[in-house]
> 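After the structure tokens below, expect a handful of questions from me.
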Amino acid sequence: MDIARFSEELINSGVLAPANAAAMADGVDGADTYRKLLEICGLRSSAFADRVAEAHGVLRVDLDGLRKGSSLAEKFSLQFMHANALYPYRAADGALCVAVADPALTEAIEAIKLTLGPAAETRIASFEDIEIVLAQGRSAEAPATDDALDDDSKADDVDSLRDLASGAPVVRALDDIFDRAVAARATDIHIEPMQRDFRVRLRIDGVMRSLPQIRGIPHRALISRVKILSGINIAERRVPQDGRARIASRGREFDVRVATMPTSAGEAAILRLLERGNKLVEFGQFGFSARDDAVLRRQLAMPHGLFIVTGPTGSGKTTTLAAAIALLNDSTRKILTIEDPVEYEILGVAQSQVRQAVGLTFASALKAFLRQDPDVIMVGEIRDAETAKIAIQAALTGHLVMTTLHTNTAASAVTRLIDIGVEPYLIASTLTTVVGQRLVRMLCPDCRKPIQVSEEHRRCDPRLSALNVAVGTIMHEPGGCERCSQLGYRGRRAIFEVLEVRDQVRRMILNSADDNAIEQAARNEGMTTMVEDGLARCVAGATSLDEVFRVAALHAS
């Protein structure tokens, strides 16, 4: 069965939206279609593999079946197997097998079979299970290095540093860090110096996690390698520097934003990974409550006004705005965006990227946009008074302006705009909606543990009483399994609060009311807070109460 017929089956069964299938067919190379199809259809990796096996009439093997066999992966390149989601092994019954997640990769499968022999059988496994068994075969030790690299004194002058940074051991070490980060779904890599050594940590689902200690590689050499890749001056160690790089790992391409910072122990580097061609989440997939969904769709349909998404760095604000832009994107509207960087490419939308070096800033782009006759303008972030005032002016003159702010709650966006220098009457005249959001980790569906709330739970945990969680309510706690690396959580979703600026809130803005008063007025009109939205997801079994309170605070009524 080819990918087109398989996609059609998913559409007929209601698993895949026709628009998603069409977008994938237009923009994705056929060599990567099954992986992309898994991403857009919303099925769990194991359920997707079940459907692939059934559709192709091939035996399905699960993680336990792969483990009971003996690995033959040492005969092949680990990078090749990761990129093509292949795992060669001898099954418990003695059969030579190739576990595949994407049966469309016929050339790669045949290459494996040529080595194993004509008797090798093809069996379907999930992308996730193949990653797990390949990771178990990886040596936990750092790459072998030359003893000469242990002498950090050789990294004192620029020429020696450049030579060390370009050497095979350092290149392999950084490539291995990238590989581990991509495998773990990390969003950031932190290379942090200590007094006698350094450590590497990954931010996975918003939480830091350490990698095994890298031995035999000087810290300066690794930092210099990062600088060379990102176009940063390796001789300058006294001031912070920023750069960008592009890498490929496991068959995927990433843009990397690099920031270095001098510390008392040496230079630290933070690398943010942004996958190129990132899948755009559909607006309806965020899981908004019925009230919030209705408010957002109503306000996005307005011809003008100021629409703001708030939250800390890394809370998914850009993803929410991109989904809203995609919802509005049709032939009747001209949409312009200025972003830093462009994380999602949206067909039919004119997207620009901030370039400070040539004077293209949020403010200067906004000024230019007003001469381009747009209907909708998206500004990546309001950071200063100039940008805020131009955005307000655009909203006043018949444009729908969408942007982000760094605030703790939706209501505090008003205070933030006033602090920047925007007059309250201008805010009251233009602001239509503020969305506050945080990302919470989702419980691993394979190991989550149900609990029934009792009177004892309510006595021991005052949060349950404060949120009026009834006795007998079923909630869940994290467990721990190999699919989630024993963390109990896998993946993240947003929790929201949607503040609609109606007459009462508008009057309070004009009277310079504080955040708490504005929030209380919005709640009286039906707004649910992020904690209340998170509680609904806890009851649905998607996350835990501890996780909700890790990212959001409970406000008094």
> Can a donor-acceptor pair be found between the side chains of T543 and Y489 at a distance below 3.5 Å?
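Absent: no donor and acceptor within the cut-off.
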
> May I have the step-by-step check of side-chain contact (heavy atoms from CB on, under 4.5 Å) for F178 and I189, ending in yes or no?
CA-CA 8 Å; F178 282 135; I189 301 170; 3.7 Å; yes

> Between R483 and P445 (side chain of the first, backbone of the second, donor and acceptor by atom type, cut-off under 3.5 Å), is there such a pair?
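Not at all, since once roles are kept as given, no pair shorter than 3.5 Å links the two residues.
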
> Is it true that R297 and D292 make a salt bridge, defined as a side-chain N closer than 4.0 Å to a carboxylate O?
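Salt bridge flag = no for D292 with R297.
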
> What I want to find out is whether E128 reaches R44 closely enough, with some N-O distance under 4.0 Å, to be called a salt bridge.
no

> Let's go through L535 and V469 carefully: what are the C-alpha distance in whole Å and the side-chain angles of both, what is the deciding distance for side-chain contact (heavy atoms from CB on, under 4.5 Å) to 0.1 Å, and is it a yes or a no?
CA-CA 9 Å; L535 176 62; V469 178; 3.8 Å; yes

> Taking only Lys NZ, Arg NE, NH1 and NH2, and the carboxylate oxygens of Asp or Glu, determine whether R298 and E500 approach each other closer than 4.0 Å.
yes

> Quick check: does any side chain N or O of T404 sit under 3.5 Å from a backbone N or O of G380, one acting as donor and the other as acceptor?
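Here the side-chain-to-backbone pair exists.
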
> Under a 3.5 Å threshold, yes or no: a donor from one side chain and an acceptor from the other, between E345 and Q351?
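No - no donor-acceptor pair under 3.5 Å links their side chains.
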
> Check whether Q299 reaches the backbone of G305 with its side chain - one donor and one acceptor, N or O, closer than 3.5 Å.
no

> Salt bridge between E253 and R246, side-chain N to carboxylate O under 4.0 Å?
no

> With a 4.5 Å limit on heavy-atom distance, are the side chains of D515 and V414 in contact?
no

> How about CD on E525, more than 12 heavy atoms from neighbouring residues, nucleotides or ligands closer than 6.0 Å, or not?
yes

> In terms of side-chain geometry, is the basic nitrogen of E131 or R250 positioned less than 4.0 Å from the acidic oxygen of its partner?
yes

> With the side chain counted from C-beta on, respond yes when V100 and I130 share a heavy-atom pair under 4.5 Å apart, and no when they do not.
no

> Would you call E54-R51 a salt bridge at under 4.0 Å N-O?
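Looking at R51 together with E54, the answer is no, because their closest N to O distance does not fall below 4.0 Å.
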
> If you compare all heavy atoms of V548 against all heavy atoms of C538, which two are closest, and at what distance to 0.1 Å?
CG2-SG, 3.7 Å

> Would R180 and D176 count as a salt bridge (Lys or Arg N to Asp or Glu O under 4.0 Å) if you check the C-alpha gap in whole Å, the side-chain angles of each, and the deciding distance to 0.1 Å?
CA-CA 6 Å; R180 289 176 183 268; D176 187 61; 3.0 Å; yes

> For the ring pair Y34 and F127, is the centre-to-centre distance below 6.0 Å?
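No, they do not, as the ring centres are separated by 6.0 Å or more.
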
> Would you mind reporting whether I204 and R490 have side-chain heavy atoms less than 4.5 Å apart?
no

> Main chain of A542, side chain of R493: is a donor-acceptor contact present, judged purely on distance under 3.5 Å?
no

> Checking N84 side chain against L86 main chain: does a donor-acceptor pair fall under 3.5 Å?
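Not at all, since once roles are kept as given, no pair shorter than 3.5 Å links the two residues.
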
> Checking E456 against S454: is there a side-chain donor and acceptor pair closer than 3.5 Å?
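No, no side-chain donor-acceptor contact under 3.5 Å.
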
> Could you go step by step and tell me if F76 and Y87 meet the ring-ring contact (aromatic ring centres under 6.0 Å, His included) rule?
CA-CA 9 Å; F76 306 93; Y87 178 67; over 10 Å; no

> Do side-chain atoms of S412 reach the backbone of T415 as a donor and acceptor pair under 3.5 angstrom?
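No, the answer is negative, given that no donor and acceptor are paired below the 3.5 Å cut-off.
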
> Can you name the nearest heavy-atom pair linking T310 to A413, along with the distance?
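So the minimum-distance heavy-atom pair works out to CG2-CB, 3.9 Å.
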
> Quick check: closest heavy atoms across G69 and Y89, and the distance to 0.1 Å?
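Looking at all heavy atoms of both residues, the shortest contact is CA-CD1, 4.3 Å.
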
> Is R291 salt-bridged to D533, cutoff N-O under 4.0 Å?
no

> Using side-chain heavy atoms (C-beta onward) and a distance below 4.5 Å, is I325 in contact with V376?
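The answer is yes, as the side chains (C-beta and beyond) meet within the 4.5 Å cut-off.
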
> Are D255 and E343 close enough that some pair of their side-chain heavy atoms sits under 4.5 Å apart?
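Side chain of D255 against side chain of E343, heavy atoms only: no contact under 4.5 Å found.
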
> Given side chains that start at C-beta, do those of R537 and I495 come closer than 4.5 Å, heavy atoms only?
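Yes, at least one pair of side-chain atoms sits under 4.5 Å.
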
> Identify the two heavy atoms, one from A323 and one from E282, that lie closest to each other, and give their separation to 0.1 Å.
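Result for this residue pair: CB-C, 4.5 Å.
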
> Main chain of L487, side chain of S485: is a donor-acceptor contact present, judged purely on distance under 3.5 Å?
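Such a contact is absent between S485 side chain and L487 backbone.
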
> Could you tell me if the side chain of C444 sits less than 4.5 Å from the side chain of P478, heavy atoms only?
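When only atoms from C-beta onward are counted, C444 and P478 do not touch, as no gap falls below 4.5 Å.
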
> With a cut-off of 6.0 Å (strictly less than), are more than 12 heavy atoms of other residues, nucleotides or ligands near CD of Q486?
yes

> Between the main-chain N or O of H476 and the side-chain N or O of S544, is there a donor-acceptor pair closer than 3.5 Å?
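Answer holds: no.
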
> Check the orientation of F283 and F288. Use parallel for under 30°, tilted for 30 to 60°, and perpendicular for over 60°.
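Answer is tilted, since the angle falls between 30° and 60°.
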
> Do the side chain of K317 and the main chain of R438 share a donor and acceptor less than 3.5 angstrom apart?
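No, because the side chain of K317 does not come within donor-acceptor range (under 3.5 Å) of the backbone of R438.
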
> Applying salt bridge (Lys or Arg N to Asp or Glu O under 4.0 Å), which residue pairs with at least one partner in residues 199-213 are found, sequence neighbours left out?
R185-D205, E192-R199, E192-R201

> Whether the T320 and Q437 side chains hold a donor-acceptor pair (N or O, under 3.5 Å, no angle test) is what I'd like checked.
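On atom types as modelled, these side chains qualify, holding a pair under 3.5 Å.
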
> Ignoring hydrogens and angles, tell me if any N or O in the side chain of E9 forms a donor-acceptor pair with the backbone of A55 under 3.5 Å.
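Side chain of E9 to backbone of A55, a donor-acceptor pair under 3.5 Å: no, none is there.
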
> Going by an N to O cut-off under 4.0 Å, is there a salt bridge joining D64 and K68?
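Here D64 pairs with K68 in a salt bridge, since their nearest N and O are under 4.0 Å apart.
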
> Using the rule given for salt bridge (Lys or Arg N to Asp or Glu O under 4.0 Å), can you reason through E275 versus R252, listing the C-alpha separation, both sets of side-chain angles and the distance that settles it, and then say yes or no?
CA-CA 7 Å; E275 186 170 3; R252 298 154 66 188; 3.0 Å; yes

> Passes side-chain contact (heavy atoms from CB on, under 4.5 Å), L499 versus V505? Steps please.
CA-CA 9 Å; L499 190 160; V505 172; 4.2 Å; yes

> Grab the two heavy atoms, one from T407 and one from T409, that are nearest each other, plus how far apart they are.
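Between these two residues, the closest heavy atoms are OG1-O, 3.0 Å.
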
> Run the side-chain contact (heavy atoms from CB on, under 4.5 Å) check on T187 and L273 step by step: do they pass?
CA-CA 5 Å; T187 54; L273 303 177; over 6 Å; no

> Any side-chain donor paired with an acceptor under 3.5 Å for Q452 and H457?
no

> Do M402 and L300 have side chains that approach each other closer than 4.5 Å (heavy atoms only, starting at C-beta)?
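Side-chain contact under 4.5 Å: yes.
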
> Between F6 and H56, how do the two ring planes meet: parallel, tilted or perpendicular, split at 30° and 60°?
tilted

> Quick one: closest heavy-atom pair of L545 and D461, and the distance?
CD2-OD2, 4.2 Å

> Can a donor-acceptor pair be found between the side chains of Q520 and N524 at a distance below 3.5 Å?
yes

